[in-house]
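Input: a single structure, listed below in structure tokens.
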Amino acid sequence: MTSSTDELTADYLQRLAAVQPSDLPADLDLFSEDTATRGIRLNKAAYSLKHAEQRELFAADEERWMEQFGLTGEERDLLRRRDWIGLWRGGMTIYVMVKLSGVTGTPLPEIGKQMREAG
Amino acid sequence: MTSSTDELTADYLQRLAAVQPSDLPADLDLFSEDTATRGIRLNKAAYSLKHAEQRELFAADEERWMEQFGLTGEERDLLRRRDWIGLWRGGMTIYVMVKLSGVTGTPLPEIGKQMREAG
Amino acid sequence: MARVIGGIGASHAPSMEHVYDAGDDVRRNDEWEPLFGPFSEVSSWLAELRPDRLVVIYNDHMDEFFLNAYPTFALGVADSYPVADEGFGARPFPPLPGDAALGWHIARSLVADEFDPTICQELEVDHGVLSPLPMVDFAEGEGAWRIPIVPLAVNVILHPLPTPRRCWKLGQAVRRAILSYPEDLGVVVVGTGGLSHQLTGPRFGAVTPEWDQEFMRLLAEDPERLCDYTHEDLIKLGGTESVEVVNWLAMRGALGPEATAKVTAYYPHKIMGYGLQSYAVAA
Amino acid sequence: MARVIGGIGASHAPSMEHVYDAGDDVRRNDEWEPLFGPFSEVSSWLAELRPDRLVVIYNDHMDEFFLNAYPTFALGVADSYPVADEGFGARPFPPLPGDAALGWHIARSLVADEFDPTICQELEVDHGVLSPLPMVDFAEGEGAWRIPIVPLAVNVILHPLPTPRRCWKLGQAVRRAILSYPEDLGVVVVGTGGLSHQLTGPRFGAVTPEWDQEFMRLLAEDPERLCDYTHEDLIKLGGTESVEVVNWLAMRGALGPEATAKVTAYYPHKIMGYGLQSYAVAA
Ligand SMILES: [Fe+3]
Ligand SMILES: [Fe+3]
């Protein structure tokens, strides 16, 4: 099989390695393959809140709002508990989390406080 | 102003020219800036027909279906008349036109016949 | 490390779907045997080759992407690709199995190589994938797809289009991505579309068999020559919609210099120049 | 032919919107004067410079683009860009005027230069554009925007991200596109985002003023040095979300070698390193 990989230059392999941070401290996360895959349902749910109708549905009946996104039971629990660290670990990006902070009336500093305490 | 355009190499200018077909016979069209801009409402309308609900609405009440897309009066007339050449000249791409051929029960060869006769 | 073990170029068209769906009696009648015969030859070859994955370079026909945000290149990073409803209801195939991990690796490699793909965690594939693929990869008895795919969509609709040369380089970059993938997988690269067809204006239905055959000859023997063609050239030679052949050029770019054409079949019929070509790659 | 006549780098953040929307009393109080003072200096400079167009290189925050199809680069080709609803209702600004013709020209030039943009006939812009822009280009009295824009969104969220070097080259390509545009227009290029901030995990709120100032110094004096930084470097230096500074690097690439920094202002406050920089370009 070496014949084929001989085609790959050192320059290419270095560039390939460089696009994928691999030596980050454990307390710095990335939104990438793992997170994006894990978080797809949660992100879809929170992204929906850019629409006023979805925010109204959330306010009126949070359970019914959650039913739209194929969330797992655990994901629903994270949402019900406003477990920001859990949502983050579940793959929810901060950018859609902000929309969720809006409908739940959670100021960003409160989310930040929980994040810092996550250790 | 020549100082700034001096930066542009002959190679760049040739590549720039090459991405924009400029010497096509008049009977060959392109879907590009002009067509895409002109056709945005018509394309949006026909694109909607990928959704079964939109096809049902079309079948039930074509006028109400048309109201959703901000179409001009002329565009509505083209749709009402099944004026395939007019729709094409109005900027509708063949790919969404095919969806419209479906809901209107117009076989593609019939559209083709009209196209050929457009001359 | 993964390897590129073969290539397929194939036309795509709704007509191919209608004939496939009509079953063997229609596929193998006098009208369609010239197209479906060669497909079954390629299918047998593929069954013997047993690739682990297919990378399918195709184009969408405004069934997934629209003018609000039209990607030049769009890459699938999902484990499943549903069949798009093109306006007539979706064909009754199960979703196509994907390989998200390979897709993400290709995404990283393309970005490292200075390509700018749109990265798709969800993607419905249309007849750009679904018209040729069942001919070579669907187990009708079991009602199941055999080989997981990674779809890669190229803009051939909304000008400015990526140039033939850029598509060739895209194929070369896909090759590097496959070769650098750590899993030991055999990959066949598929390019779909064309050949000659013209679906708008007074030339509606024009087919140009001589150019189509010259295109397949050049693709086999001297593919880099095709990089010198502009879209204007291609449109004049094969019709406005024939620019889809850049998907074949990208496929060819992924095969490396040692690839050789095996099957080459051509059938101009009604409004399409139907082409099919398979490539063997030295092990 | 069009010319590049200046550049602006500016942080963007919802906090800037809240302060702007609270009016002059808040903008110019002790807390916010260090940010809004320099902005009004840049605003005066821009009013004198009278550019005909702004090319705004920014990033979306999942207000327009989502994971179904996340573009590496997305370019606006519309005549109007509505304000996105980010989850709290859209801010009451009129849609931003665009220049579709210039957008399409940039699209053609980028494609000719082997960039692969997603081409957007419809695009809602979020605080990536809307938090800095009113400070320099909104006539509050008239309730109107002054200068038509062309927005260009860069993926800084979903890894793999385009490398700093690729973004620098993107800026250089934007420059060529402007210089080859046949209309006689003066264009200012804006890059938004950063500087240091960290919005996830135990380092939430971390700001790194030394790096932020070094970044602006390098951008002014030796921008190509920044192409050697990886995203990993940037994340370690300024936080996960600080990688938005690649938008500044792209802006700088569009200015050509003769540009010089005029205003350079920096204000680390709460969870953000707010930066602002303006560039003059020799006529
Ligand atoms: Fe096609
Ligand atoms: Fe931001």
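Numbers restart at 1 for each chain; the letters A, B, ... are given by sequence-line order, proteins then strands. In what follows, every heavy atom counts, from backbone to side chain, and hydrogens, waters and symmetry copies are set aside.
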Any carboxylate oxygen within less than 4.0 angstrom of a Lys/Arg side-chain nitrogen, looking at D:Arg165 and D:Asp228? yes
Would you call the rings of D:Phe115 and D:Phe73 parallel, tilted or perpendicular if under 30° counts as parallel and over 60° as perpendicular? tilted
Are D:Arg175 and B:Glu7 within salt-bridge range, i.e. N to O under 4.0 Å? yes
Given a strict heavy-atom distance threshold of 4.5 Å, which part of D:Ala101 is in contact with chain B: side chain, backbone, both, or neither? both
Would you mind checking which part of B:Ala36 comes under 4.5 Å of any heavy atom in chain D, side chain (CB onward), backbone (N, CA, C, O), both or neither? both
Using 30° and 60° as the class limits, which term best fits the ring planes of D:Trp145 and D:Phe93: parallel, tilted or perpendicular? tilted
For D:Asp79, is it the side chain, the backbone, both or neither that has a heavy atom under 4.5 Å from a heavy atom of chain B? neither
